[in-house]
Amino acid sequence: MTIDEQLDYLRKGAVEVIREEDLRAKLERSARTGVPLRVKYGADPTAPDIHLGHTVVIRKLRAFQELGHTAIFLIGDFTGLIGDPSGKNATRPQLTREEINANAETYKAQIFKLLDPAKTVIDFNSRWMDTLGSDGFVRLASRVTVKQILERDDFQKRLTEERPIALHELLYPLVQGYDSVALTADVELGGTDQKFNMLVGRNLQRESEQQPQVVITMPLLEGTDGVQKMSKSYGNYIGINEAAPEMFGKVMSVSDELMWRYYELLTDLRTDEIARLRAATQAGERNPRDLKVELAKRIIADFHSPSDAEAAEAEFNRVFKRKEIPDEIEERAVAEGEWKLPRLLVAGSLALSVAEGRRLLEQGGVRVNGEQRRVKDVDVTLRAGETLLLQVGKRRFLRVHGVAENILREQVDSDSLASVGYNPETQTLEVEFKHGGVYRYYNIPAHEYDELKNADSLGHYFNENIKAGAYSYIRVN
RNA sequence: GCAGGGGUGGUCGAGUGGUUAAUGGCACCGGGCUGUAAACCCGGCAGGCUAACGCCUUACGUAGGUUCGAAUCCUACCCCCUGCACCA
């Protein structure tokens with residue numbers, strides 16, 4: 001590729017490149033000397049759950065790798081170790097060394113789906129921040145003025161709105177900027193929200209007589225709702241560890257309009273190719289549905305494999321186009337006997353309450369063995385050894401299997417466990433689970449979990465046991 | 001500590017004594033339509049009982065109180081935000 005072509009490739013999808021002449025100069029220098037550019041991307045150590053939004057920047061990092069440069073994936077463990085004492089920012093809890101290391105491993109496993117491990121350096125900013133010392137830190141702070149820091153939009157805003165800004169928040173841009181100095185970064189990548197911090201890096205590098213880094217800002221990807229940025233807390237994200245059929249469905253649920261944005265930021269298609277597809281769609285030559293399928297397959301191929309993508313498509317067509325039942329259906333054991341349908345739905349976690357089960361029934365959303373059931377038709381007999389296929393809505397299926405014992409089992413994992421407490425009055429263990437935002441409480445007779453009564457932290461103890469595989473099911477009365 | 005503002009259902013946000021299980025938006029769920037889990041339209045959205053009309057139980061930060069009746073009034077307490085003060 002010529003330098004011009006490289007520039008073009010690196011600019012794709014970016015909001016800003018500061019400054020383009022600098023980038024050109026650096027690319028030329030690298031081509032001349034054979035020394036790869038050092039391209040930095042910083043990540044918060046608290047959220048190792050990467051979703052497609054993060055991959056917009058990671059893809060850009062990969063673009064640099066493809067051109068032979070060095071990707072530096074920097075984990076901001078220093079700030080993670082401090083935590084956020086102001087208490088209002090729950091997203092920055094204090095982490096232990098072990099947690100940070102564990103998160104780093106999780107990060108690696110995820111980013112290497114996109115990045116080439118051989119050309120990626122993983123680093124931690126505690127490496128230089130720990131040895132900086134408070135004198136060094138104060139000296140560092142002397143290199144920028146208060147006014148410079150307060151320029152940041154979000155500080156400005158909070159100042160005028162009289163919302164608080166904790167002092168340490170003013171310090172974070174400084175730390176991030178200093179990271180660039182410590183790494184002698186040539187380029188820093190980040191979302192548009194990182195622009196200010198990355199520019200601080202340029203200033204500090206200049207102060208340190210380094211060549212200022214090129215700053216490339218990438219847009220914040222809209223989530224599946226098409227409005228807010230993709231984020232776990234908005235529930236509008238597609239995680240890169242999600243199963244292929246799930247990813248497929250989520251991509252298909254994206255609006256036709258948003259699809260183009262995803263094409264631009266989540267695929268390697270060239271801008272002009274995307275423009276052509278778009279024109280063809282507007283002209284009615286291409287069907288948006290088919291293009292969305294293609295998009296979904298491309299994305300799945302990145303994180304799973306092309307064959308997984310094919311399988312996901314087949315599954316989707318089977319369930320939604322031909323309204324057949326899916327390939328794999330979860331099965332759950334349920335007590336045999338006479339059931340009222342709403343109760344059975346609750347037992348199978350297809351409804352969160354009897355009332356909801358009833359509503360689903362009223363609205364015609366419930367099928368048993370493929371047959372639609374109505375409110376007056378609520379009785380179901382499930383014999384031991386017999387299996388019924390339950391369906392709620394278009395895409396939720398469950399086989400319930402009748403068992404003789406009068407025990408229902410609820411599957412648990414540490415993600416769904418919300419809290420555990422021992423109630424001395426009733427002598428039961430109260431366990432709270434979170435299923436899709438809804439809490440459910442179960443009382444467990446203490447004699448079944450005697451050892452738990454004496455544990456210091458029930459939640460911790462319980463969680464550890466779940467993780468260790470001690471309880472994959474819990475008895476529910 | 002002082003002064004002011006505020007705490008309502010998953011979320012945002014109305015409601016300031018009486019059909020209020022609480023308007024509305026968003027999210028979510030079901031149905032219809034379709035080329036898709038797009039868009040659009042319709043319906044639902046505390047829990048429990050009932051075949052059903054319907055009934056009951058909880059719920060507006062917490063605990064009491066006033067009242068025939070309270071999310072709405074009173075008292076105390078807790079928490080959050082802003083400013084000031086204290087920490088010398």
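Proteins get letters first, then strands, A, B, ... in listed order; numbering begins at 1 in each.
- Whole-Å rounding puts the A:Gln391 CD to B:rG30 P distance at 10 Å.
- A:Asn103 and A:Thr106 are not linked by any side-chain donor-acceptor pair at a separation below 3.5 angstrom, with hydrogens and angles left out of the test.
- Looking at A:Asn241, A:Thr55, A:Ile50 one by one, the single match for side-chain contact (heavy atoms from CB on, under 4.5 Å) with A:Phe303 turns out to be A:Thr55.
- Nucleotide B:rC26 has B:rG10 as its partner under the Watson-Crick or G-U criteria, with both atom distances under 3.5 Å.
- Within 4.0 Å of A:Arg359, counting heavy atoms only, lie sugar-phosphate atoms of the nucleic acid but no base atom.
- B:rU36 and B:rC45 are spaced 30 Å apart, taking the P atom of each and rounding to whole Å.
- Of all heavy-atom pairs between A:Asp379 and A:Arg373, the closest is O-NH1, 3.4 Å.
- Nucleotides B:rU8 and B:rA22, compared at atom C1', are 9 Å apart to the nearest Å.
- Contact of A:Gln363 with B:rG31 (side chain to base): no donor-acceptor pair of N or O atoms is detected under 3.5 Å.
- Between the CG atom of A:Leu295 and the P atom of B:rA38 there is a distance of 15 Å, given to the nearest Å.
- Searching all strands for a Watson-Crick or G-U wobble partner of B:rA63 with both distances below 3.5 Å returns B:rU75.
- With both ends at atom P, the span from B:rA14 to B:rG9 equals 13 Å, rounded to whole Å.
- With rounding to whole Å, A:Glu294 atom CD is found 20 Å from B:rA38 atom P.
- The stretch residues 252-260 of chain A comes close to RNA chain B through A:Met252, A:Ser253, A:Val254, A:Ser255, A:Asp256, each having a heavy atom under 4.0 Å from the strand.
- Mapping A:Phe316 and A:Lys394 onto RNA chain B by nearest heavy atom places A:Lys394 closer to the 5' end of the strand.
- For A:Glu222 and B:rA38, the CD to P distance is 18 Å, given to the nearest whole Å.
- Base pairing analysis places B:rU36 opposite nothing; no Watson-Crick or G-U wobble pair with both distances below 3.5 Å involves it.
- Under the salt bridge (charged side-chain N to carboxylate O under 4.0 Å, His left out) criterion, A:Glu16 pairs with A:Lys195, sequence neighbours left out.
- For the residue pair A:Trp260 and A:Leu291, the shortest heavy atom distance occurs at CH2-CD1, 3.8 Å.
- Closest to the A:Arg358 side chain, of the nucleotides B:rC49, B:rA37, B:rU50, is B:rU50.
- For the P atoms, the distance from B:rC78 to B:rC86 is 24 Å, rounded to whole Å.
- Shown here for A:Leu269 and A:Arg298, the closest heavy-atom pair between the two residues is CD2-NH2, 3.5 Å.
- If you take CD1 of A:Ile300 and P of B:rA37, they are 16 Å apart, rounded to a whole angstrom.
- In the set B:rU36, B:rG48, B:rA37, the nucleotide with an atom closest to the side chain of A:Arg395 is B:rA37.
- The nearest pair of heavy atoms linking A:Lys60 to A:Tyr9 is NZ-O, 3.6 Å.
- Heavy atoms of A:Phe248 sit nowhere under 4.0 angstrom from any nucleic acid atom.
- Across the C1' atoms, B:rC26 and B:rG17 are found 31 Å apart, a figure rounded to whole Å.
- The CG-P distance, from A:Leu291 to B:rG35, rounds to 16 Å in whole Å.
- Pair assignment for B:rG1 gives B:rC84, based on Watson-Crick or G-U wobble hydrogen-bonding distances that are each under 3.5 Å.
- No contact: A:Lys376 has no heavy atom under 4.0 Å from any strand.
- Residues A:Val319 and A:Phe397 approach most closely at CG1-CE1, 4.0 Å, considering heavy atoms.
- Look at CG on A:Asn317: it is 8 Å from P on B:rU36, rounded to the nearest Å.
- Nearest heavy-atom pair, A:Glu242 versus A:His304, reported as atom, atom and distance to 0.1 Å: O-NE2, 2.6 Å.
- B:rG13 sits 10 Å from B:rU23 when the C1' atoms are compared, rounded to a whole Å.
- Base pairing of B:rA46 is made with B:rU57, judged by Watson-Crick or G-U wobble geometry with both donor-acceptor distances under 3.5 Å.
- Atom P of B:rA39 sits at a distance of 9 Å from the matching atom of B:rA27, rounded to the whole Å.
- If you find the closest nucleotide of RNA chain B to A:Gly393 and to A:Val251, the one lying nearer the 5' end belongs to A:Gly393.
- Distances shorter than 4.0 Å separate some side-chain N or O of A:Ser353 from OP1 or OP2 on B:rG48.
- Counting heavy atoms from C-beta outward, A:Val346 and A:Leu352 have side chains that stay 4.5 Å or more apart.
- For the pair A:Glu362 CD and B:rA51 P, the interatomic distance rounds to 13 Å; values are reported in whole Å.
- Of the listed nucleotides (B:rA51, B:rG47, B:rG35), B:rG47 has the atom at the smallest distance from the side chain of A:Ala355.
- For the C1' atom pair drawn from B:rU72 and B:rU20, the interatomic distance equals 11 Å after rounding to whole Å.
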